[in-house]
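Residue numbers start from 1 in every chain, and the chains themselves are labelled A, B, ... in the order their sequence lines are given, proteins ahead of strands.
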Amino acid sequence: AKDAKDIVIAVIPKVAVPFFDDCNTGAATAAKTDGVQYQWVVPQNTQGSTQVKILEDLISKKVDGIAISVNEPKSVEAIIKKAMASGIKVLTFDSDSPKSGRSMYIGTSNGAAGQTMGESMAKAIDGKGEVAIVTGQLGAVNLNERIAGIKKALAKYPDIKLVATEGTEDDLAKAVSVDEALFRGHPNLKGIFGVSQVGGPSVAKVLATKEFGAKKDTVKVFAFDDLPDTVKGVKEGFIQGIMVQRPVTMGKLSVDHLLAQINGTETTSADVDTGVTVVDASNLNGYTK
Amino acid sequence: MSLFLEMRDVSKTFPGVRALNKVDLEVRLGEVHALAGENGAGKSTLMKIMTGVYTADPGGRILIEGEPIVIRDAVHARALGISIIYQELSMVENLTVAENIFLAREPLRASGFLDKARMNREAAEVLATLQMDVSPVTPVAQLSMGQKQMIEIAKAISYRSKIIIMDEPTASLSHHEAVTLMGQIRRLRQQGIGIVYITHRLDEIFEIADRVTILRDGSTVDSLPIAEVTRDILVRKMVDRELSQLYGKHVCHATSEVLLDVKGLTLDQPRPHQAKVKNIDFSLYRGEVLGFFGLIGAGRTEIMEMIFGMRASTGTIAIDGRQVAIHEPSDAIAHGIGFVTEDRKGQGLVLGMNVRENFSLTHLEAYSPNFFVNRQKETARCRDFVKSLGIKTPSTEQRVVNLSGGNQQKIVIAKWVARSPKILIVDEPTRGIDIGAKAEVHALLARLASDGMGIIVISSDLPEVLAVSDRVIVIKDGRISQTFERAQASQETIMEAATA
Amino acid sequence: MIVRDSPATAVLRPRHTAVGGRVSALLQVRELNVLTALLVVVALISFSTPYFLTTDNLMGVFRSFSLIAIMSIGMVMVIITGGIDLSVGSVMGLSSLVTALGFQSGLPTAVCILGGLATGLLFGLFNGVLITVIRLPPFIATLGSLSIGRGLMYIITHGVPLTPDTPDVFAEIGQGYVGLVPVPVVIMLAMTIVFSVVMRKTRFGRHVYATGGNEMAARLSGVKTGRVKLLVYMLSGLIAGLAGIVSFSRYLSAEPASGFGAELDVIAAAAIGGASLAGGVGSVEGAIIGAALAGIIANGVVLMNINTYAQQAITGAVILIAVSLDVWRSRSKGA
Amino acid sequence: MIVRDSPATAVLRPRHTAVGGRVSALLQVRELNVLTALLVVVALISFSTPYFLTTDNLMGVFRSFSLIAIMSIGMVMVIITGGIDLSVGSVMGLSSLVTALGFQSGLPTAVCILGGLATGLLFGLFNGVLITVIRLPPFIATLGSLSIGRGLMYIITHGVPLTPDTPDVFAEIGQGYVGLVPVPVVIMLAMTIVFSVVMRKTRFGRHVYATGGNEMAARLSGVKTGRVKLLVYMLSGLIAGLAGIVSFSRYLSAEPASGFGAELDVIAAAAIGGASLAGGVGSVEGAIIGAALAGIIANGVVLMNINTYAQQAITGAVILIAVSLDVWRSRSKGA
Ligand SMILES: Nc1ncnc2c1ncn2[C@@H]1O[C@H](COP(=O)(O)OP(=O)(O)OP(=O)(O)O)[C@@H](O)[C@H]1O
Ligand SMILES: Nc1ncnc2c1ncn2[C@@H]1O[C@H](COP(=O)(O)OP(=O)(O)OP(=O)(O)O)[C@@H](O)[C@H]1O
Ligand SMILES: [Mg+2]
Ligand SMILES: [Mg+2]
């Protein structure tokens with residue numbers, strides 16, 4: 001086995017967003033504890049091809065282990081297989097590519113998280129009324145899985161009507177415009193799902209304005225990811241709940257498992273479910289990431 | 001000399017302008033047909049209709065060999081045997097001389113690829129017939145105005161058309177090239193080609209034309225065999241009023257006070273020994289009109305461009321006895337120099353702007369003591385100049401692209417005169433200006449000199465240089481070859497100094 | 001047979017002919033046409049949804065496109081000189097980040113605002129120097145700044161938005177109202193008036209048009225074209241900086257992705273409003289109308305509950321149709 | 001003191017002076033300079049990391065930038081005519097999607113490929129018609145197509161990538177090798193040679209340069225400038241379509257976001273390689289070198305373990321420096 005200090009582990013998130021910054025924190029801390037070299041490579045956009053290029057570069061560099069949160073499952077299959085074949089240990093976290101031959105997957109199921117979100121909403125609005133989904137980039141796979149989960153949950157409630165799904169390009173300014181237009185176009189709206197990171201903050205901001213302030217009591221909001229503004233939204237009562245995954249844990253586990261695989265101490269790997277916490281006013285101060 | 005092309009009752013209306021009103025014109029093969037008229041009379045417009053660039057108003061007819069025809073565009077016109085040298089140069093600057101001449105009819109090899117060797121060879125042949133010493137592979141951007149004009153001529157000739165229209169081909173040429181051109185025109189006439197020749201140099205009409213048609217304000221005044229006209233008749237038909245003596249009596253206003261003093265002026269370039277323009281020394285006195293003469297490409301324009309800060313140079317320039325540093329045109333202007341450039345389209349005018357805006361660009365401060373421009377004052381001053389220089393335009397708000405060539409030239413002069421610089425450099429100032437206006441420009445220069453301005457006149461028109469200058473400097477191959485006091489200057493002595 | 005926008009073309013066909021009436025005295029034909037297109041779009045949307053023509057919605061829409069509109073004022077000046085500024089979105093984002101950093105370190109509001117403006121001005125200066133001194137093509141120079149600006153944001157934030165506490169008075173800039181009108185809209189209108197006057201009535205405005213119309217002729221007439229260009233890039237940067245401050249004040253969150261891709265929207269606004277990328281042609285009012293057209297369509301497609309996946313295609317098609325009508329009208333008039 | 005890129009300037013200073021030697025006979029000074037900049041970057045990266053100069057890595061890098069490089073060939077022709085094509089990224093994505101749809105419906109490989117190419121050609125035709133017949137400014141016309149193309153992708157996919165099964169032979173296009181060289185690189189090289197010859201040795205090539213140099217003069221000389229422009233947009237579309245097929249074959253997944261924002265990279269490649277957005281100037285080889293410069297920097301950043309948050313800022317800065325050196329060198333030579 002190699003010396004720990006000669007081992008290089010690379011972690012690839014999808015793109016630079018707060019969620020992955022938490023992953024970086026978890027992974028970097030673990031790498032420091034374990035004494036291995038650590039490289040954090042952020043793709044410049046969410047296209048599958050960008051991650052393929054990064055994987056190629058890392059293979060050229062002959063790193064020992066790679067953890068990746070996959071933007072597009074199919075496009076990385078061939079290159080992950082190639083990496084594995086050349087002796088590099090690869091695992092996926094947060095977002096999987098099941099057919100790539102990676103050693104394991106660490107994360108939550110976005111579909112399940114979406115379902116939880118749908119159920120929470122149904123409870124909050126007593127099983128009836130108009131709801132809308134505000135998503136980020138229209139093509140993003142994880143967001144689409146969450147949306148599918150929501151729809152699956154809502155299918156059980158015939159009186160809940162999903163009136164719109166709107167993209168925002170994950171741009172806060174666009175999201176705010178879209179939220180405003182939604183409220184105007186659907187005066188009876190009862191609930192909003194913010195499935196991407198801008199969903200929560202944008203709705204909270206709109207509800208905090210004079211014009212839409214009255215809706216605070218009639219519209220229920222559920223969001224993803226515990227951005228400061230989203231947490232603030234919960235505190236101030238604009239947002240009823242946040243689906244929080246455990247990014248720090250994912251980062252840490254990724255490094256630990258990779259190291260074990262590299263050292264040969266872990267030969268068979270099983271997927272790890274890190275779970276989702278629904279954070280609301282009651283547990284705002286006491287959840288782990 | 002068979003009749004080839006007839007235009008009947010041709011009219012053309014632009015918004016606010018009736019450029020042509022029921023004009024008739026007959027063009028015969030083997031004949032040189034001159035077209036005369038003041039600036040804005042409609043000459044260029046008529047030619048653009050003949051070549052399909054403009055469509056005439058309904059009612060007019062064009063017949064070729066008796067058959068009525070609608071000329072669709074320039075390509076169609078050429079297919080019908082009509083080619084043209086436009087008044088405004090239209091070259092593709094990023095292509096070479098040969099590529100320009102053969103544009104859209106490049107010789108191909110059997111393989112379908114360009115036959116560059118053949119193209120360059122044939123271009124060289126065409127250039128040789130015009131006695132032009134330019135390599136076919138030179139990018140056109142590197143040529144002087146006069147050289148570009150010669151390329152345009154070469155291109156038109158190489159089309160082997162039945163009719164060649166030449167719209168002021170000699171405006172940027174010096175005597176030498178003009179003579180070559182006349183020779184070519186005679187040769188073409190002999191080959192049975194018809195030439196339509198537009199010029200403001202009346203001598204040329206008498207030298208070469210078989211027939212002359214005179215336009216005034218968009219209407220045909222007359223069409224006569226050249227034998228039936230004299231210079232006086234021609235001018236009277238063109239301007240419809242008595243003209244003061246063309247070259248008025250010369251009065252010298254030069255003082256002994258040195259206004260501009262240039263010493264050792266040399267083009268600054270990486271290989272100094274190759275500098276084309278070297279060691280120029282001269283002085284300009286207050287109230288003096290100093291002529292610069294030289295053959296095409298002698299370097300007169302380059303000297304002025306160095307003085308005006310457009311080209312890097314070494315040597316010293318002193319104004320009013322004080323040495324000045326000029327790195328940019330704005331420096332030169334700040335020191336009281338004005339420059340009427342020879343290339344009005346490229347350097348003189350912002351074509352998309354209107355008459356007023358172009359006029360005031362050199363001296364906008366005069367109308368905007370603070371941040372804002374006083375539009376009333378600006379318009380009023382501009383109107384004064386439009387009137388005094390006889391600029392033909394529907395209003396000061398007309399965009400200058402829509403003006404005739406000569407009227408555009410007058411605006412370039414107006415914008416500098418209105419600034420009243422201490423030193424005014426004019427490079428081919430009467431290029432494209434009609435005979436009446438030319439006299440007015442000369443009078444204007446004399447008046448400015450009498451007010452104490454120092455004026456440098458570059459002209460390839462030797463009689464003009466002789467008429468207006470108090471002194472003449474002759475440039476040859478980038479150096480001063482000789483300086484003549486007015487008394488010693490004559491056509492022969494100057495030509496001798498320029499060519500020997 | 002005839003090309004748009006080349007000066008040579010203009011020889012053949014005047015594009016701006018005078019039209020009677022008061023409005024046309026103020027606006028050129030080109031802007032009048034886009035304005036007509038805009039009104040047609042407004043009419044169509046109003047017929048299809050009752051929610052559009054309400055004061056609240058209109059003010060909301062105005063506020064939504066105000067940021068793009070504000071930046072398009074700087075952009076149109078740059079474009080008139082014959083240049084382009086790809087860095088505006090990036091500069092807006094960075095300026096909003098710098099403002100946020102100011103608040104995070106507890107600096108007074110005025111200092112934070114100045115910081116944001118200074119960021120914009122600095123980037124504008126950087127662009128201007130690259131273009132006028134080093135003589136990089138504007139496209140490359142500002143593309144470089146775009147990358148550098150966005151890179152700096154990622155380096156500073158690591159992708160995490162900054163949401164410092166801010167005094168209430170600061171939030172007024174982005175969220176407040178003057179009467180019924182949101183403050184960002186007031187800022188947009190004020191800037192429009194100021195720069196419209198600058199471009200029409202001042203020496204500087206004249207020099208901007210001259211530089212873009214024929215740089216050589218302008219320079220030989222004594223216009224300091226280098227300085228003019230430097231100034232318009234600095235103005236464009238400064239205005240993008242202002243947009244960044246308004247944006248931060250509105251959302252109280254400096255997002256790393258803020259302004260991403262905005263350059264295309266901003267350039268499109270100017271171009272739809274009649275500016276020619278060849279230089280010399282364009283107007284501030286036109287750019288605002290262009291921004292409004294895009295903004296109103298974006299609002300309309302959501303209000304009319306058009307499938308979100310189809311929105312982009314519809315927006316693109318409507319803009320193409322609107323501008324085509326405009327071009328077609330000015331051609332049939334000018335010919 | 002003197003302005004770049006304006007024809008009037010050129011009167012005062014020739015920009016392309018001949019330089020001795022064989023390479024220079026093929027490349028103009030401008031491209032030689034960018035090539036120098038590229039070699040310097042390569043040298044710097046090679047010194048700092050042993051992983052760079054390996055056949056595997058180099059081939060990988062070449063393959064990485066091959067898509068942008070291929071599209072830059074079409075783009076540079078468009079730019080030389082004085083136009084711009086913002087739709088290439090979108091068209092590439094749509095073409096890869098159409099190809100995938102073909103496979104999904106079980107069509108034969110050849111038909112799927114033709115479908116992808118046809119998509120590109122159709123969009124190119126659409127752009128060309130908008131620009132030459134309706135006479136929209138190229139920026140607006142192709143921005144509209146960008147939106148429409150991307151919108152269509154969302155409408156078709158609803159944001160879900162298409163990953164149909166494909167025959168192994170198809171995957172060879174994107175993933176295969178000829179000897180040591182990846183197929184996309186072979187395609188890139190072949191296209192470079194073909195279009196370099198077209199631009200240098202054929203009448204069409206001359207006419208492209210003439211159209212961009214002075215459209216009016218070219219037209220008056222008999223160049224069918226409308227047809228030339230129509231053709232270059234169609235070529236650009238077709239080439240983007242080809243890139244889409246290569247991309248799909250490489251990743252076997254047609255993503256809705258594929259090609260998003262690629263237009264700026266592609267235009268940048270052409271501009272870095274010496275093309276002037278004012279038209280008339282540029283070359284195919286230059287564009288390829290430009291694409292290589294950006295691609296190699298991206299690879300170097302990962303290999304040298306530079307903070308990836310800084311990647312964008314570094315890429316921007318390096319490109320600015322490289323092009324500045326280039327401009328500075330050609331100035332000091334040309335003066
Ligand atoms: N495109 C246009 N739009 C408006 N007016 C025009 C246009 N072209 C020409 N004119 C006007 O038509 C008249 C005739 O112009 P034209 O160019 O034919 O004159 P010209 O006889 O060639 O004069 P010059 O000797 O100065 O070249 C002028 O008054 C001119 O202003
Ligand atoms: N950009 C350039 N590059 C190379 N040579 C040039 C350039 N500009 C001008 N020349 C050459 O310099 C010489 C001097 O040109 P210039 O225009 O100064 O001459 P001139 O005496 O004014 O003659 P004219 O204007 O009548 O042609 C010409 O031979 C011309 O070909
Ligand atoms: Mg004329
Ligand atoms: Mg000259």
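- Note on C:S145, C:G82, C:G159, C:G144: by heavy-atom pairs under 4.5 Å with chain D, the leading option is C:G144.
- Contacts of residues 88-95 of chain D with chain C at a heavy-atom distance below 4.5 Å are absent; not one residue qualifies.
- Contact of the D:I148 side chain with the C:L320 side chain is registered, since non-hydrogen atoms from C-beta on lie closer than 4.5 Å.
- Taking every heavy atom of both residues into account, C:S147 and D:G316 meet most closely at CB-CA, 3.6 Å.
- Taking all atoms of both residues into account, the shortest heavy-atom contact from D:A313 to C:I155 is CB-CD1, 4.4 Å.
- Scanning both residues, D:A271 and C:F139, for their nearest heavy atoms gives CB-CD2, 4.3 Å.
- Put simply, CG on D:L264 and CG on C:L146 are 7.0 Å apart, with the number rounded to the nearest 0.5 Å.
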Pair C:S324-D:L136, side-chain contact (heavy atoms from CB on, under 4.5 Å): steps then yes or no: CA-CA 6 Å; C:S324 298; D:L136 288 190; 3.7 Å; yes
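- The most heavy-atom pairs under 4.5 Å with chain D, out of C:I156, C:I84, C:I267, C:T315, come from C:I267.
- For chain C, no part of D:Q311 is nearby; none of its heavy atoms comes within less than 4.5 Å.
- In terms of modelled atom types and a separation under 3.5 Å, the side chain of D:Y309 and the main chain of C:Y154 share no donor-acceptor contact.
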